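A quick write-up on the structure given underneath.
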Amino acid sequence: MHAPPVVFRKVRARSSNSCFKNPHDDDMQAIEVSHLIKRFGTLTAVNDITFSVAAGETFGFLGPNGAGKTTTIRILTGISPPNSGQATIFGHDIMRETVAARQSMGIVSETSNVYTDLTGWQNMMLAAQLYRIGRSEREKNASELLKRFELYERRNDKVHGFSKGMKRRLTIAMGLVNSPRLLFLDEPTSGLDVESNLIIRQMISDLITGGVTVFLTTHNIEEANILCDRVAIIDKGVIAAIDAPEQLKKTIQSVQSIEVAFLDGTSPTRLDELRALPMVNDARKEGDKFKLFTEDPSQVIDAVMAYAHDHHTRVISITTLGPSLEDVFVRLTGLQRGGGISAID
Amino acid sequence: MPSISLAGIEDRLSRELVAAWAIAKKDVLIYYLRPGVIVGGVLFPLFMFLAFSAGKLATPVQLVPGLIGITTLFSASSIEPVSVPIERRTETFDRLLAAPISLNALVLGESISGLVYSVLIAAVVFIAALAVLMTPIANIFLIVFGILFSSMCFATLGTLFAAYPTENPGDIISMVNVVRFPLIFISGVFIPIAVLPSFGQMIAYISPLTYANDLIQGGYSGKMTFHPIFDVGMLIVFILIFQVIANYLYKRFND
């Protein structure tokens, strides 16, 4: 049974925390990070990063494992203090006005950190009470969200009987129970079944449409490419690049590629043979196709046709591709394709 | 700078208390029937009591206060050493750390679950003693205050130890036991403080169990070492000290 889609309310400058109400909320950036540094002993996990996220923006935060993504999120959510620098959430300093800053955010961590000994409903109620949402509002919000995530029928079941995808959906529902203006989403769809993936991606799209600021951390670069207004690529604690996905792709126009498939499929030696063609910088096999990286696609197309003729085969499809966000990521982080690329997807 | 009004402070306080109670309720639902909690909070004090009282020619008035005292000590400090490491492992503790509440509210919420657990167990002991042994009572208010304040004090002690950054409850239970066991012998529960050597007597004064035991003993026998207000005051001081240290440790270890 599919529940009718919930329209996420457009939430701007709304704070229930009268103690810290700031009259200039409307003009605030959702996140402002200035010269943030975080060290663990001799390791500098976050090294002087500065960026901002506008209200209503969907911001992707990408990086290889150990790049500093989680540390940055822990600082921005007030769990971990920085050694130096400043971070504000809608104008509230996360270190000095932690409670006020957190009141406007929802946090969905990478792990589905739900209480498996409680029911789905009890989990929602607990999450809402931590934000001091009144009984009628929290029950209304919880019902809406559980229906939205197709968990309502199982609301009275203990969570330890839920599938991985259901736990993930419940985690996200709990992160939305306070109708946050800013949502931290850490790997929302990693390793999920197709149904959960579709539900969660639709939810993210609805949030974006509803004006919620989304801070998205993901290993799925294509997901970031589709969803994000801007992405930052962090590597070894330093922001390597920060821009709109299309702008980032423009910076490496030299990394264009040709995707080609041959009638007789692949052969063990074909990859090396294609890699040896003139103007081909690199090549990799992708399923029944080959992807050839080049700075001059037209010359490579000619070379591929000549290769097909010489090897008595036919090209059944050939496509010219611009650089992908993954290409940008690989270029900036220095990851090696093949073994290295598995770390980001 | 944001302005802070009186209404804002009230709002903040109310928010903290609601969140603390939500955390406590969660612990009640999840951890009260965990084997580790039952062993540490119910069976352990019972066996300890039997080990030290069996064979002694003592009256119920002499024995029951000691049983209630060690019951509050063990049961109140048994919940958080189990719940917090488990929640670190499942990362649900991060959910509490990232909630819009202060660390004080988090520590308070965790401690309240130990308090409620301890009061329930102590009430069972109290009622059973009354029904089965027909223990005479000199002043019930002293017993009630003794149970309430000592339960909160030892629950906060348990929360303090649970700040140690481990995902294994056994690590914390071992550390808590290093403190809990000596307290039994230096606080007048089994051995009167008056017969302790002078060094032991000095240590007794820095044990919260001394003041808890004095209140409960006074409730049953009418005889007390200290004035009841002094006992309650000392327990409140211990609660505040443990709360402040716990707050500091959670902040430090969660980095």
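From a predicted model like this one, the values you see are computed outputs, not experimental measurements. Order of the sequence lines fixes the chain letters, A, B, ..., with proteins taken first and strands second; residue numbering starts at 1 for each chain.
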If you count the non-hydrogen atoms of other residues, nucleotides and ligands that lie under 6.0 Å from [atom1] in [X], is the total more than 12?
{"X": "A/Phe51", "atom1": "CZ", "result": "yes"}
{"X": "A/Leu43", "atom1": "CG", "result": "yes"}
{"X": "B/Phe181", "atom1": "CZ", "result": "yes"}
{"X": "B/Phe145", "atom1": "CZ", "result": "no"}

Please classify the contact of [X] with chain A as side chain, backbone, both or neither, using a heavy-atom distance under 4.5 Å.
{"X": "B/Thr90", "answer": "backbone"}
{"X": "B/Lys25", "answer": "side chain"}
{"X": "B/Glu10", "answer": "neither"}
{"X": "B/Arg34", "answer": "side chain"}

B/Ala99 backbone acceptor or donor facing A/Arg102 side chain under 3.5 Å: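 Yes; at least one donor-acceptor contact below 3.5 Å.
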A/Asn113 backbone acceptor or donor facing B/Arg95 side chain under 3.5 Å: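 Such a contact is found between B/Arg95 side chain and A/Asn113 backbone.
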A/Glu110 and B/Glu91: CA distance, side-chain angles, deciding distance, side-chain contact (heavy atoms from CB on, under 4.5 Å) verdict: CA-CA 10 Å; A/Glu110 184 177 1; B/Glu91 297 186 24; over 6 Å; no
Winner by heavy-atom pair count (cut-off under 4.5 Å) against chain A, out of B/Ser14, B/Ala105, B/Ser102: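 Ranked by contacts with chain A, first place is B/Ser14.
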Pairs of heavy atoms under 4.5 Å with chain A: top-ranked of B/Ile23, B/Val18, B/Thr92: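 It is B/Thr92.
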Rounded to the nearest 0.5 Å, how far apart are [atom1] of [X] and [atom2] of [Y]?
{"X": "A/Tyr115", "Y": "B/Asp27", "atom1": "OH", "atom2": "CG", "answer": "7.5 Å"}
{"X": "A/Ile133", "Y": "B/Arg15", "atom1": "CD1", "atom2": "CZ", "answer": "9.5 Å"}
{"X": "A/Thr98", "Y": "B/Leu103", "atom1": "OG1", "atom2": "CG", "answer": "9.0 Å"}

Heavy-atom check, side chain of B/Trp21 versus side chain of A/Gln129, under 4.5 Å: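 Side-chain contact under 4.5 Å: no.
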Close side-chain approach of A/Leu130 to B/Leu96, heavy-atom, < 4.5 Å: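 In short, these two side chains touch, coming nearer than 4.5 Å.
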N-O pairing of B/Lys26 and A/Asp117 below 4.0 Å: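 No, no charged N to carboxylate O under 4.0 Å.
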Residues of residues 74-81 of chain A contacting chain B, heavy-atom criterion under 4.5 Å, by residue number: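 Residues of residues 74-81 of chain A touching chain B at under 4.5 Å: A/Arg74, A/Ile79, A/Ser80, A/Pro81.
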Top contributor to chain B contacts, counting heavy-atom pairs under 4.5 Å, from A/Ile107, A/Thr71, A/Leu118: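 It is A/Leu118.
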Partners meeting side chain to side chain donor-acceptor pair (under 3.5 Å) with B/Tyr250 (sequence neighbours left out):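 By the side chain to side chain donor-acceptor pair (under 3.5 Å) rule, B/Tyr250 matches no residue at all.
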